[in-house]
Amino acid sequence: AQTVTQSQPEMSVQEAETVTLSCTYDTSESDYYLFWYKQPPSRQMILVIRQEAYKQQNATENRFSVNFQKAAKSFSLKISDSQLGDAAMYFCAYRSRLWGAQKLVFGQGTRLTINP
Amino acid sequence: GEEVAQTPKHLVRGEGQKAKLYCAPIKGHSYVFWYQQVLKNEFKFLISFQNENVFDETGMPKERFSAKCLPNSPCSLEIQATKLEDSAVYFCASSQLQGNLHFGNGTRLTVT
């Protein structure tokens, strides 16, 4: 079974600075998806970024980028120019590309605080 | 619709009572998922459906939890004889084949 580990329960960063959230995973599969989701206090789940394992290029979405290291099974999220609105829980997640309704396997989450 | 609709937003039940939660997936999405998020924030997978068929129910506490996705009806998650430990936010999500999961806003269940 796949597992996802986020070893940083909490992180904080000064507004406008850069922060990196860590995520490692374990799988025997070669093809899969990796995601970062943001969950603000409203509890809404917002997709931040998605990476397909077969793609060597790291995904980017505006201020958000990932460092995907397939051999090391590492998938970190970098947030540049942090803004107050980035404060939230961040969840790393894995999804198999096998056929069928493959579930997301979540990490434990990292609570990100932005200091003004 | 274009979003996953979960009802009700909040549900309060006394211990031992039944709770029923509903989820209308995005039209055209074949897969439906239920997750439980407890106060510690961790997501626990409960069950997934492929159309009306159960695909994976490895997370379901079988004695008291049941779920259905019937044609032309919202999906449902039912908890018989609720316990205090069932207090959580229950999320439904839907997706197309290999697409992203789209989450509803959750139902907060409080068992008193």
Side-chain angles (χ1 to χ4, degrees), chain A residues 1-11 21 23 25 29 31-55 59 61 64 87-113, chain B residues 3-6 8-11 23 25-26 29-60 67 69 75 87-110:
Chain A
Q2 296 85 16
T3 58
V4 178
T5 302
Q6 292 178 249
S7 57
Q8 304 155 317
E10 296 185 356
M11 291 282 285
L21 307 185
C23 173
Y25 59 95
E29 297 175 343
D31 200 11
Y32 45 86
Y33 300 101
L34 295 165
F35 302 87
W36 280 96
Y37 279 88
K38 172 185 176 182
Q39 189 180 43
S42 66
R43 292 274 187 177
Q44 184 183 6
M45 289 293 282
I46 301 165
L47 177 63
V48 175
I49 204 163
R50 158 178 151 157
Q51 174 82 41
E52 281 124 309
Y54 70 88
K55 290 187 177 176
E61 286 288 340
F64 298 86
M89 286 291 295
Y90 285 82
F91 291 92
C92 179
Y94 172 103
R95 189 181 191 197
S96 171
R97 283 196 70 162
L98 292 174
W99 176 88
Q102 300 295 334
K103 62 183 181 271
L104 280 177
V105 178
F106 285 96
Q108 302 89 332
T110 297
R111 183 178 301 281
L112 178 63
T113 303
Chain B
E3 49 180 47
V4 177
Q6 287 191 248
K9 285 181 77 168
H10 303 281
L11 191 57
C23 168
I26 292 172
H29 283 192
S30 306
Y31 300 152
V32 173
F33 306 82
W34 284 99
Y35 284 87
Q36 179 194 57
Q37 187 181 33
V38 295
L39 283 177
K40 272 170 49 180
N41 292 312
E42 290 196 23
F43 279 88
K44 179 187 174 187
F45 168 76
L46 295 175
I47 190 168
S48 65
F49 288 85
Q50 186 162 328
N51 298 308
E52 62 267 26
N53 303 307
V54 174
F55 182 81
D56 180 354
E57 57 182 346
T58 51
M60 286 284 268
C69 274
C75 297
S87 294
V89 180
Y90 290 82
F91 284 95
C92 175
S94 70
S95 79
Q96 296 175 314
L97 300 174
Q98 291 293 332
N100 299 332
L101 267 67
H102 296 256
F103 283 82
N105 289 329
T107 292
R108 180 181 293 278
L109 172 65
T110 302

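Chain naming here is simple, since letters A, B, ... match the order of the sequence lines and numbering starts at 1 in each. Every value quoted in this text rests on a predicted model; they were computed, and no experiment measured them.
- Rounded to the nearest 0.5 angstrom, A:Met89 CE and B:Phe43 CZ are separated by 8.5 Å.
- The neighbour count for A:Arg50 CZ, taken as heavy atoms of other residues, nucleotides or ligands under 6.0 Å away, is above 12.
- Put simply, CZ on B:Phe91 and CG on A:Leu104 are 13.0 Å apart, with the number rounded to the nearest 0.5 Å.
- The contact between A:Arg97 and chain B is made by backbone and side chain atoms together, counting heavy-atom distances below 4.5 Å.
- Taking every heavy atom of both residues into account, A:Tyr37 and B:Leu101 meet most closely at OH-O, 3.2 Å.
- Taking each heavy atom of B:Ser48 and A:Ala101 in turn, the nearest pair found is OG-O, 3.4 Å.
- The OG1 atom of B:Thr107 sits 12.5 Å away from atom CZ of A:Arg43, with the distance rounded to the nearest 0.5 Å.
- The residue among A:Lys103, A:Gln108, A:Gln102 with the most heavy atom pairs within less than 4.5 Å of chain B is A:Lys103.
- Between A:Arg95 and B:Ser95, the shortest heavy-atom distance links the atoms NH2-OG, 3.2 Å.
- The contact between A:Leu47 and chain B is made entirely by side chain atoms (from C-beta outward), counting heavy-atom distances below 4.5 Å.
- Heavy atoms of A:Gln39 lying under 4.5 Å from chain B belong exclusively to its side chain.
- Considering only heavy atoms from C-beta on, B:Asn100 stays 4.5 Å or farther from A:Tyr33 through its side chain.
- Of the atoms belonging to B:Asp56, it is side-chain heavy atoms, and not backbone ones, that fall under 4.5 Å from chain A.
- Taking the six-membered ring for Trp and thresholds of 30 and 60 degrees, A:Phe106 and B:Tyr35 have ring planes more than 60 degrees apart, a perpendicular arrangement.
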